[in-house]
Novice: 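Take this structure first; my questions come after.
Being a predicted model, the structure only gives us computed values, none of them experimental. Note: hydrogens, waters and symmetry copies are ignored here, and every other heavy atom, side chains too, is used.
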Amino acid sequence: MRFVVCGEALIDLLPGEQVSSAETRWSALCGGSPMNTALGLARLGEDSHFLGRLGGDAFGRQIERYLQDNGVATDLAVRTGEPTSVAVVSLDAEGRASYTFHFQNTSNFGWRAGEFPELRENDWLHFGSIGTISGPGARAVLNFVRSTPASLSYDINVRPTVLPDRVEYFQRVEQLIAAVGAGGGIIKASDEDICWLVDDPDPLPYAEAWCIEYGLALCVVTLGPDGAVAIKPDGRQFRVPGHTIEMADTVGAGDTFMSGFLASYARRPDDVDRALRWGAGASALVCTKQGANPPTRAELEEFLASPRKKID
């Protein structure tokens, strides 16, 4: 199966050594939620193709080299003369990441209809995150998703700083959920994503309602250190716990979860438990490293085969 991952690639600026009160050294790491998922799929041995708009500057060249060096095909990528988007990462005392984005007039948000390829029924299109709801190209992405015959998955990946208005944000997300549901696809969101969108502390009833209302095959909700749950339209729930790890940071955790989940689910859709285990294991492993550095298939299989204590 060919996985085509559509969305943004950007540079995550992570803080490093504080040299003086006037200088901090930063690491410029390749990132962006869809790019991280494409990378994760390739490292798990999948045929992964990145469908994104790459900037024409040094950061854009860095991202393309990084993708190619890690086995992600860039044959579907669009090269632009625009600068690369940048996300400045802040980490709290527990390693949880928050982001300040520099996106105006950058490469990720200028999609045009003619830039999308024609996919096949046996392709899997995964998309999501910021470029689906922000910028002049968001409508083009929606139309592409609506028209493709490929299997579909959508990672909502809410970023409130990009569009603080909950109502408007959800209206845009809802159109994408409906497009995925029309194709019998799946969506993924964190518990925090859903809670923010609906302004309610209990996300699971909404996930189940979306499955029914929009015709989704599955709604997957990640629960941070508590693992993940998948919900079907008939109300059945599948759960896996989290893992005890030495946390470096959470950068790319949800994106890497999706790569592990899809690598299993796309081939064995009847075994949701296995797909959740792969997703949770991949997510745990990426949190042990700085930045979005997904595991290989061998690393994931070894991790899942070893005894792990559940997080209480």
Novice: Between T256 (side chain) and G252 (backbone), is there a donor-acceptor pair under 3.5 Å?
Specialist: yes
Novice: Near E118 CD, under 6.0 Å, is it more than 12 heavy atoms from other residues, nucleotides or ligands?
Specialist: no
Novice: Only pairs at least two apart or in different chains count here, so list each salt bridge (charged side-chain N to carboxylate O under 4.0 Å, His left out) that has a residue in residues 286-295.
Specialist: K289-E299
Novice: Tell me the salt bridge (charged side-chain N to carboxylate O under 4.0 Å, His left out) pairs involving residues 50-59, sequence neighbours left out?
Specialist: R53-E82, R53-E115
Novice: Could you tell me whether D234 and K232 make a salt bridge, using a distance below 4.0 angstrom between a side-chain N and a carboxylate O?
Specialist: no
Novice: Determine, step by step, whether T288 and E246 satisfy the side-chain hydrogen bond (donor to acceptor under 3.5 Å, both in side chains) criterion, reporting the C-alpha distance in whole Å, the side-chain angles of both residues, the deciding distance to 0.1 Å, and the verdict.
Specialist: CA-CA 6 Å; T288 65; E246 269 192 50; over 6 Å; no
Novice: Is E46 salt-bridged to R267, going by a charged N under 4.0 Å from an acidic O?
Specialist: yes
Novice: For R146, enumerate each residue passing the side chain to side chain donor-acceptor pair (under 3.5 Å) test, keeping only those at least two apart in sequence or located in another chain.
Specialist: none
Novice: Locate the shortest heavy-atom distance separating L44 from P295; write the atom from each residue and the value.
Specialist: CD2-O, 4.0 Å
Novice: For residues 69-79, which residue pairs qualify under salt bridge (charged side-chain N to carboxylate O under 4.0 Å, His left out), counting only residues two or more places apart or in two chains?
Specialist: E64-R79
Novice: Would you tell me whether R43 and T296 have side-chain atoms, one donor and one acceptor, within less than 3.5 Å of each other?
Specialist: no
Novice: For the residue pair C287 and A253, what are the closest heavy atoms and their distance?
Specialist: SG-CB, 3.7 Å
Novice: How long is the gap from CD1 on I231 to CG on L216, to the nearest 0.5 Å?
Specialist: 11.0 Å
Novice: Taking 4.0 angstrom as the limit, do D271 and R268 come out as a salt bridge?
Specialist: yes
Novice: Side chains of L54 and S107: closer than 4.5 Å at any heavy-atom pair?
Specialist: no
Novice: What's the shortest heavy-atom distance between C211 and L218, and which atoms?
Specialist: SG-C, 3.9 Å
Novice: Does D47 pair with R2 as a salt bridge, N-O distance under 4.0 Å?
Specialist: no
Novice: Who passes ring-ring contact (aromatic ring centres under 6.0 Å, His included) against W278, sequence neighbours left out?
Specialist: none
Novice: Hey, could you give me each pair passing ring pair (Phe, Tyr, Trp, His ring centres under 6.0 Å) that has a residue in residues 73-102? Not counting sequence neighbours.
Specialist: Y99-F101, F101-F103
Novice: With sequence neighbours left out, write down each residue that passes salt bridge (charged side-chain N to carboxylate O under 4.0 Å, His left out) with E174, or none if nothing qualifies.
Specialist: none
Novice: Please tell me whether T37 and D255 have a donor and an acceptor in their side chains that are separated by less than 3.5 angstrom.
Specialist: no
Novice: Within the supplied structure, the quantity of interest is the number of heavy atoms (other residues, nucleotides, ligands) at a distance under 6.0 Å from Q104 CD; does it exceed 12?
Specialist: no
Novice: Would you say the side chains of Q68 and T74 form a donor-acceptor pair under 3.5 Å?
Specialist: yes
Novice: Excluding sequence neighbours, so at least two apart, what forms salt bridge (charged side-chain N to carboxylate O under 4.0 Å, His left out) with R65?
Specialist: none
Novice: I need the single residue from L41, V72, L39 that forms a side-chain contact (heavy atoms from CB on, under 4.5 Å) with V5. Which is it?
Specialist: L41
Novice: Can a donor-acceptor pair be found, under 3.5 Å and without considering hydrogens, that links the side chain of D12 to the backbone of V88?
Specialist: no
Novice: If you look only at pairs with a residue in residues 48-82, which of them pass as a ring pair (Phe, Tyr, Trp, His ring centres under 6.0 Å), with sequence neighbours excluded?
Specialist: none
Novice: Can you list every pair that meets salt bridge (charged side-chain N to carboxylate O under 4.0 Å, His left out) and has a residue in residues 176-198, with sequence neighbours left out?
Specialist: D155-K188
Novice: Is S306 reaching over with its side chain to a backbone N or O of F303, donor-acceptor style, under 3.5 angstrom?
Specialist: yes
Novice: Is a side-chain donor or acceptor of S48 paired with a backbone partner of A38 at a separation under 3.5 angstrom?
Specialist: yes
Novice: I need the full list of ring pair (Phe, Tyr, Trp, His ring centres under 6.0 Å) pairs touching residues 159-198, with sequence neighbours left out, sorted by first then second residue.
Specialist: Y169-W196, F170-W210
Novice: Is it true that, when you exclude E121 itself, more than 12 heavy atoms of the residues, nucleotides or ligands shown sit nearer than 6.0 Å to its CD?
Specialist: no
Novice: Could you tell me if E8 and S129 have a donor-acceptor pair between their side chains, going purely by distance under 3.5 Å?
Specialist: yes
Novice: With a 4.5 Å heavy-atom cut-off, do L152 and W124 have their side chains touching?
Specialist: no
Novice: Listed by chain and number, what are the ring-ring contact (aromatic ring centres under 6.0 Å, His included) partners of F116, not counting sequence neighbours?
Specialist: W111, F144
